[in-house]
Every structure is written in C-alpha cells, then in structure tokens.
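Shown next, in structure tokens, is the structure this report addresses.
No experiment lies behind these values; they were computed from the predicted model shown.
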Amino acid sequence: MVDVIVVGAGPAGVAAALRAADLGARTTLVARQEFGGMAASDGPVPVRTLAQAARLLRDARQLGQYGVAVSEPTLDYPRLLARVREVVDDVRAHSALRQQIEGLGATVREHAGRARLVAPHTIETESALRLEGDRIILCTGGTSRRLAVPGSELTATHSDAWSLTAVPASMLVIGAGATGAQVASIFTAFGSRVQLFQTGPRILPTEDEDVSTAVAAAFRAAGMVVRESFGTVESFERTPNGVRMNFSKDGVQEHAEVALAVVAVGWVADTVGLDLAAAGVETDAQGFVRVDAYRQTSAPGVFAAGDVTGRLMLVPQAMEDGHAAATNAVRGPTTTVRGDVAPIGSFTDPEYAQVGLTEAQARETHDVVVETVRFDSTTRTIIDGRTFGFCKLIADRATRTMLGCHIVGERAVEIAQVVAIAMANDMRVDDLARLPLSFPTYAGILGRAAYRAARAIDPSAAQAPHGEG
C-alpha cells in the first residue's frame, strides 16, 4: 500500500486526498488551519455569501416594479457577517467531500501549522507533527502579492476586505482583475464610495474586450470611479481618516485619499517555510512550483497541485489538478489535465463569465462567426428586469465548432457552465441550436446565439430557434 501525504486542505488538497484514498492509498491530509483552506475561509464560500447580500439589496429595490411594496432596504453589516460565519461553518461541518475522505479511511490533521520538507519523503509541521510517505502532494495554495512601494504596509489585501467588521465610507482598489473587480463591486453595493484603479488600458484584462467595456460601463453607472491607465503607484501615506495613495503618470503627480486601500495585483505561491530545496523541488521565475504534465515536481515522489503551481488559480482547476496529481502519485504517470475548456466567471454586478477563446484569440487562427445576443432583446431577461448585458458566441466557420463564449449580465456564470459542457463534448453550433431548451430561460439565450451562428454559417441548415431566450 502506498503512503500519500497531502499538504494543504484547500480545493486541490481535498481533491487529492479523496482521490488517493479512493485508490486505496494510506492517506493523510494535513491542514495548516481548518479543512477547506482559503476557499472556505476567505475565498469563494464567504465571498459568494457577501455577493448574495449585494444581490438581495439590488433585488429588493426592484420589488416595487412587481407590485410588492417594501421600505428602502438597509444593510445590517454585523448581521451579514454573522450569516457569513454560519455559512462557512455549515460548509465545513457538512462538506460531503470531508465525509467521503474520512469514510475511505483517510486521516485529516487540522491546525497542524505550516509544514516543511525535511527530506524528500518527510514533512514536519509547526505543531511538531512528523510524517513520512512514499508520495507527497503539495497543495499549499497562494497568497496576495504586495506592492513594493513605501507605505505598502498601510494597505489591505482582498482577504482583509472580506474580514472587515464595518463597511468603509470610501475604498480604493488597486488592480482590476477578477479579485479587484469583485471587491469593488460588492462594496459599491454596500454603500462605499469606491475607486477602482487599473494600470493597463482596461479592467478585466484577461476577458474578451467587449466584456471589459461592458462591465466598466456598468460599474460607472453604479457610481464607481474607474481609472484605467492611471500610471504608477509611488507610495502610500497615513492620513487622519485613512490612507493616501500617491501616483504619477507622464510626470504629473496625483493622489487619492480613502478610508481603506485594497491591493489586488496578483497572486503568488504560498511556499513560506516549506523549504522546497530540502526535497529538491524547483520553482519557476515567479516562484511557483514547477511541475510536468502529470503534476510531478522535479523531486521524485513529490507532486504539486493547485495555486502553488500557478495554473489558472481557480477552485475547479485546483480540484482537477489535485485529482490528477493523486492519480499519478498512486498509479504512476497516467493522467493529465485538459486546459482547453475552463469556464471562468465572477459574481460581480453585473456578472461576467467566459469559456474558450476570446474573439481576438479566435481570429488569430480561425475563420470565425461571431454572434451576440443582447439581454434587452430576450424574453426571460425582460421578465426579470435584467436587460443589461449580452451573450457572445464564437464559432469556427468551417467546422461549426464552438471556440468561445463570453457573457455579461444576470446568471452569466451559470450560462458559461452550459457552454462548457457543450464544448467539452465537441457539440457544434447547429447541434446546440436544435436543442429544444425550456422557455423562457437564461440558457435559452445561448440557444438563440447558437441558432444565429448556425444560420450565419449555413442558412439552409439552421433549425427553428427552439432555445429563444
């Protein structure tokens, strides 16, 4: 029987432990703190709970349109934080994955503190736990990157923002990627005066350009200040009411003063104290653990999965990594991960999501058909009063395969999951157009986009638009 030690109990570690135990390995899952890692403590679980509160505030203001008379909603932030704790505790206590892991005979060691490699197959933790295993899988996750400028200690991370005990009157968010946009969107909904700063020419730079444009417009309409290409941060200073960020562009000095400055400029591997060199584990130039296609590190018998390797750094991909790493640790190099279909989205207001290639990427190597269905032209969004947004579907003209889809608006993240399933199974746009999707639904918006794309490719072959949204 193979002994497998999984270091880190976030999504990658949980998936790795479950898979290793399921394959019959004697498995120990070592958690620095609680089971679930960042995803449960300050990641998707609490953040989605906060986003739900923001959505409820928005929806409550719409009730009058449907004849439901209520007073203006107000936010009881302490009560919301109590609800967040309830949700997090409930997820930890009733996680089906934990029950499965322990049911398969694996050992879960929580609150072990940070682990370090003392030999190629041995770890020690801050709680004096010492374990030896035939295979070690490193799933220690990532941590926020700090700005290397004077006064950076006066700034907060996104994790700090999620743990605030009161809503700040004003907030500056530096970095308008997925994390920064989410912080900015939620606290705008909660009543903070938010300024979102991005060094590049557009927010959400990894999204399709139309998505960036639409979300930025929605943010501004909600009262948020969005500054793209703002220049360079030079320093932060404490003020009587918070913090001042000093920045410059083209020799012109500027500053912004707020109650709280949140830095969301990237994510780095959390390898503090691991002593990777003791086991011969190499890292790349950015500090991420280097792995091959089988999640094997440079050290025999040592694997790595999830954020610590720098691949996409999202929960679903971390779990996919963990599953593959454990499979290969127990069975040998047999399993790789597919990276061509990975739905990504965020619970901002409005939501946005993507799967596959952006339009610009697709045009580099394909003759494409691009069809965009606006949310102000579909039945379900009109019924719900959620008419801001669009669904853009990109297909290859010759093969009719779907290359990418990009959505902004209500339930965008859910729509992207449907597209991902279709793309993963090589469904063509004409196949999707023929599906009689329920009416009126958000998934039906995708059906309409597929119908339009199929008709653009071959008008004679297009079916009736059963999926009209």
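The two residues Leu312 and Ala342 come nearest to each other via the heavy atoms CD1-CB, 4.0 Å. Val341 and Ala420 make their closest contact through CG1-O, 3.5 Å (heavy atoms, listed as atom of the first residue, atom of the second, distance). When all heavy atoms are compared, the tightest approach of Arg116 to Gly273 is CB-O, 2.9 Å. Contact between Ala222 and Thr188 at its shortest, heavy atoms only, is O-CG2, 3.8 Å. Of all heavy-atom pairs spanning Val258 and Leu172, the tightest one is CG2-CB, 3.5 Å. Heavy atoms only, all atoms of each residue included: Val408 and Pro350 are closest at CG1-CG, 3.8 Å.
Under the 4.0 Å criterion applied to side-chain N and carboxylate O atoms, Arg83 and Glu86 are assigned as salt-bridge partners. Comment: Lys392 engages Glu359 in a salt bridge, judged by a side-chain N to carboxylate O separation of less than 4.0 angstrom. Remark: Asp458 engages Arg400 in a salt bridge, criterion side-chain N to carboxylate O under 4.0 Å. Comment: Arg386 does not engage Glu351 in a salt bridge, judged by the lack of any side-chain N to carboxylate O separation of less than 4.0 angstrom. Using a cutoff of 4.0 Å between basic side-chain nitrogens and carboxylate oxygens, Arg380 and Glu410 are not scored as salt-bridged. Using a cutoff of 4.0 Å between basic side-chain nitrogens and carboxylate oxygens, Asp284 and Arg290 are not scored as salt-bridged.
Residues Phe236 and Val149 meet the side-chain proximity criterion, which asks for heavy atoms closer than 4.5 Å. Residues Ile382 and Asp376 fail the side-chain proximity criterion, which asks for heavy atoms closer than 4.5 Å. Within the 4.5 Å cutoff, the side chain of Asp307 has no heavy atoms near those of the Phe288 side chain. Contact of the Phe390 side chain with the Ile407 side chain is not registered, since no non-hydrogen atoms from C-beta on lie closer than 4.5 Å. Between Ser144 and His158 the shortest side-chain heavy-atom distance falls below 4.5 Å. A heavy-atom distance below 4.5 Å is found between the side chains of Val289 and Leu276. Counting heavy atoms from C-beta outward, Glu257 and His255 have side chains that approach closer than 4.5 Å. Residues Val194 and Phe219 fail the side-chain proximity criterion, which asks for heavy atoms closer than 4.5 Å.
Taking CD from Glu371 and SG from Cys391, the interatomic distance works out to 11.0 Å, rounded to the nearest 0.5 Å. A distance of 10.5 Å separates CG of Leu357 from CG of Asp396, quoted to the nearest 0.5 Å. Residue Arg55 holds its CZ atom at 11.0 Å from CD1 of Ile186, rounded to the nearest 0.5 Å. If you take CD on Glu254 and CZ on Phe230, they are separated by 10.0 Å, rounding to the nearest 0.5 Å. The line from CD of Gln195 to CD1 of Ile174 is 9.5 Å long, rounded to the nearest 0.5 Å. In this structure, CG on Leu435 lies 15.5 Å from OH on Tyr451, to the nearest 0.5 angstrom.
Between Thr327 and Arg19, the side chains place a donor N or O and an acceptor N or O closer than 3.5 Å (distance only, hydrogens not considered). Arg145 and Gln286 share no side-chain donor-acceptor pair at under 3.5 Å. Side-chain contact check for Thr213 and Asp210: no donor-acceptor pair (N or O, by modelled atom type) lies under 3.5 Å. Between Thr348 and Ser346, the side chains place no donor N or O within less than 3.5 Å of an acceptor N or O (distance only, hydrogens not considered). No donor-acceptor contact under 3.5 angstrom links the side chains of Ser212 and Glu207, judged on distance only. Side-chain contact, Thr381 with Asp384: no donor N or O sits under 3.5 Å from an acceptor N or O. A donor-acceptor contact under 3.5 angstrom links the side chains of Thr155 and Arg146, judged on distance only. Looking only at atom types and distance, the side chain of His406 has no donor-acceptor partner in the side chain of Thr358 under 3.5 Å away.
Within the 3.5 Å criterion, the main-chain N or O of Met427 finds no donor-acceptor partner in the side chain of Asp431. Distance alone, capped at 3.5 Å, is enough to place a donor-acceptor pair between the Gln417 side chain and the Val413 backbone. Remark: the backbone N or O of Ala422 is not paired with any side-chain donor or acceptor of Asn425 at under 3.5 angstrom. Side-chain atoms of Thr199 never come within 3.5 Å of backbone atoms of Thr232 as a donor-acceptor pair (strictly under, hydrogens ignored). Within the 3.5 Å criterion, the main-chain N or O of Val373 finds no donor-acceptor partner in the side chain of Ser377. The closest donor-acceptor contact from the side chain of Thr239 to the backbone of Gly242 lies under 3.5 Å. The closest donor-acceptor contact from the side chain of Ser298 to the backbone of Glu282 lies under 3.5 Å. Checked by atom type and distance alone, the side chain of Ser185 never pairs as donor or acceptor with a backbone atom of Gln182 at under 3.5 Å. Without hydrogens or angle criteria, Ser192 side chain to Met171 main chain gives no donor-acceptor distance under 3.5 Å.
Applying the 6.0 Å contact sphere to CZ of Arg193 captures no more than 12 heavy atoms from other residues, nucleotides or ligands. Gln361 CD: more than 12 foreign heavy atoms inside a 6.0 Å radius.
Note: Tyr77 and Phe187 have tilted aromatic rings, judged against thresholds of 30 and 60 degrees for the angle between ring planes.
Of the residues listed (Glu234, Gln253, Glu237), the one engaging Asn246 in a side-chain hydrogen bond (donor to acceptor under 3.5 Å, both in side chains) is Glu237, and it is the only one. Among Asp270, Thr271, Val7, the one residue that satisfies the side-chain contact (heavy atoms from CB on, under 4.5 Å) test with Arg114 is Asp270.
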TODO: Mind running salt bridge (charged side-chain N to carboxylate O under 4.0 Å, His left out) on Arg338 and Glu320 for me, showing each step along the way?
DONE: CA-CA 9 Å; Arg338 64 177 296 175; Glu320 184 182 29; over 6 Å; no

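For Phe247 and Phe197, the gap between ring centers is short of 6.0 Å.
The cationic group of Arg48 lies under 6.0 Å from the six-membered ring centre of Phe347 and within 45° of the ring axis, placing it in a cation-pi geometry.
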